[in-house]
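As the structure is a computational prediction, the values presented were derived from the model and not from experiment. One-based numbering, in listed order, for ligands and for the atoms of each. Computed from heavy atoms alone, side chains included, the values below leave out hydrogens, waters and symmetry copies.
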Amino acid sequence: MTVQAMPVPGSATDFGSLSGRVAIVTGAGQGLGRAFAKAFARSGAVAVIAELNAAKGEAVAKEIADAGGQALAVATDVASEDSIAAMIAAVERRYGRIDILVNNAGIFSTLEMRPFDQIPLDEWERVLKVNVTGPFLCSRAVLPAMRRAKWGRIVHMASGAVTMGRPNYLHYIASKGALAGMTGSMARELGPDGITVNAILPGATFTEIERKTVSPEQKVRIVAQQCIPRAETPDDLVGTVLFLSSDSSAFLTGQCLTVDGGATHR
Ligand SMILES: NC(=O)c1ccc[n+]([C@@H]2O[C@H](COP(=O)([O-])OP(=O)(O)OC[C@H]3O[C@@H](n4cnc5c(N)ncnc54)[C@H](O)[C@@H]3O)[C@@H](O)[C@H]2O)c1
């Protein structure tokens, strides 16, 4: 009897179409983006790590290369049109194609929790610039390559927090709500070009990075609300990212997929 191997957490998920694809993951120097870049590389794609922190981006590219995968780190500020243009030019020069964009970079783990009336205007503006203008600029910049190929996948990392009314980081909630809203409109405009646009709304996902947005008490409460009562990890999101980046999801666009262990149902 032949026993079919099942994907295990941390392994590549084979959707049959990622081999040879070029996938840009913004903010892939740590946390979720790092997990996504590694998963793309394990699935046979080239992972482009478009990360503000050059040293962290290079370290992830080295991790991937050491494991036998293909990666390119390009120091990128997603809030800067010029920086994005330089990153896109470097990818086009090296690979001649861009198939997948994961708009993952965001101001998140460094956020200070505060009542909204105490958020300084410059911090509000910076969060919206990176978390909303960044995905707008990056999505716009990949279009020529995707339109040329008549194939593309854009995946936004929004957040389940937008449906929960979570307090004390209103700029972040506003930014992720905007990204969820942009998903349907972008999908509508890009469908005729063979480009799908979807968003993932993760629950609180625990990466290697410490952060202040979830206290230990909140973590216990969050896990208790889930149908699957354990803490969410980056590997819990990898399959959805790879699926939305593959041929298998060709007719799925304009959707916001909540991946939170069943904490919320819509
Ligand atoms: N971890 C979670 O619980 C969770 C839940 C929902 C949504 N998300 C979203 O998923 C994404 C990744 O989350 P994470 O936990 O890995 O966050 P993180 O804060 O650990 O990592 C964010 C990465 O983005 C990079 N970055 C920040 N500004 C940038 C810029 N201007 N240009 C390029 N890169 C920049 C950072 O250097 C960092 O490497 C974020 O958009 C976050 O809002 C995370």
Any donor and acceptor pair, going by atom type alone, linking the side chain of T163 with main-chain N or O of G160 inside 3.5 Å? yes
Please say yes or no: joined through hydrophobic side-chain contacts below 4.5 Å, possibly via intermediate residues, are V102 and L252 part of one cluster? yes
Looking at ligand 1, does F206 have a heavy atom less than 4.0 Å from it? no
Between R153 and S246 (side chain of the first, backbone of the second, donor and acceptor by atom type, cut-off under 3.5 Å), is there such a pair? yes
Enumerate the atoms of ligand 1 whose separation from the nearest heavy atom of S109 is less than 4.0 angstrom. 18 (P), 19 (O), 20 (O)
Going by the side chain to side chain donor-acceptor pair (under 3.5 Å) test, which pairs reach into residues 73-89, not counting sequence neighbours? E81-R140
Can you find a non-hydrogen atom of E232 under 4.0 Å from ligand 1? no
Any N or O of S159 that comes nearer than 3.5 Å to an N or O of ligand 1? no
Which residue and heavy atom of the protein sit nearest atom 17 (O) of ligand 1, plus the separation: F108 CD2, 3.5 Å
Just jot down the ligand 1 atoms closer than 4.0 angstrom to any heavy atom of A204, in number order. 3 (O)
Is the NZ or CZ atom of R21 both under 6.0 Å from the centre of the six-membered ring of Y95 and within 45° of that ring's axis? no
A student checking ligand 1 against Y172 at a 4.0 Å heavy-atom cut-off should list atoms 6 (C), 7 (C), 8 (N), 9 (C), 42 (C), 43 (O)
What do you reckon, does S80 put a non-hydrogen atom under 4.0 Å from ligand 1? no
Side chains of P202 and D260: closer than 4.5 Å at any heavy-atom pair? no
So which protein heavy atom does atom 34 (N) of ligand 1 come closest to, and at what separation? L52 N, 3.4 Å
Looking only at protein heavy atoms, which one is nearest to atom 37 (O) of ligand 1, and how far off is it? E51 OE2, 2.6 Å
N103-S139 side chain donor-acceptor pair, cut-off 3.5 Å: yes
Looking only at distance, does Q30 have an N or O less than 3.5 Å from an N or O of ligand 1? yes
For the side chain of D99 and the backbone of G152, is there at least one donor-acceptor N/O pair under 3.5 Å apart? no
Is the backbone N or O of Q255 less than 3.5 Å from a side-chain atom of N198, with the two atoms forming a donor-acceptor pair by type? yes
Using a heavy-atom cut-off of under 4.0 Å, does the side chain or the backbone of K56 touch ligand 1, or both, or neither? neither
Mark up the atoms of ligand 1 that fall under 4.0 Å of a heavy atom belonging to D77, in ascending order. 30 (C), 31 (N), 32 (N)
In ligand 1, which numbered atoms sit nearer than 4.0 Å to a non-hydrogen atom of N104? 10 (O), 11 (C), 12 (C), 40 (C), 41 (O)
I need the atoms of ligand 1 closer than 4.0 Å to a non-hydrogen atom of G31, numbered in the order shown. 16 (O)
Could you list which atoms of ligand 1 come closer than 4.0 Å to a heavy atom of P202? 5 (C), 6 (C), 7 (C)
Is there side-chain contact between V22 and R94, with at least one heavy-atom pair below 4.5 Å? no
Judged by non-hydrogen atoms, does T76 sit under 4.0 Å from ligand 1? yes
Would you check whether L32 has a nitrogen or oxygen atom less than 3.5 angstrom from a nitrogen or oxygen atom of ligand 1? yes
With a 4.0 Å cut-off on heavy atoms, is G203 touching ligand 1? yes
I would like to know whether V48 and F40 meet side chain to side chain contact (heavy atoms under 4.5 Å, CB included); could you show each step before the answer? CA-CA 9 Å; V48 177; F40 276 118; over 6 Å; no
Is there at least one pair of N or O atoms, one from V78 and one from ligand 1, spaced under 3.5 Å apart? yes
Answer yes or no: does atom CD of E208 have more than 12 heavy-atom neighbours from other residues, nucleotides or ligands under 6.0 Å? yes
Please report which non-hydrogen protein atom sits nearest to atom 28 (N) of ligand 1, along with the residue it belongs to and the distance in Å to one decimal place. V130 CG1, 3.8 Å
Protein residue, atom and distance nearest to atom 27 (C) of ligand 1, heavy-atom basis: G106 O, 3.6 Å
Heavy-atom nearest neighbour in the protein, as seen from atom 1 (N) of ligand 1, with distance rounded to 0.1 Å: T205 O, 3.1 Å
Protein residue, atom and distance nearest to atom 23 (C) of ligand 1, heavy-atom basis: G27 O, 3.5 Å
For the residue pair R166 and Q218, establish whether any side-chain heavy-atom pair is separated by less than 4.5 Å. yes
Hey, which atoms in ligand 1 end up nearer than 4.0 Å to a heavy atom of A158? 6 (C), 7 (C)
Has ligand 1 got any nitrogen or oxygen that is less than 3.5 angstrom from a nitrogen or oxygen of K176? yes
Is the shortest heavy-atom distance from the side chain of E232 to the side chain of L237 under 4.5 Å? yes
Under 3.5 Å, is there a donor-acceptor pair between the side chain of N104 and the main chain of T26? yes
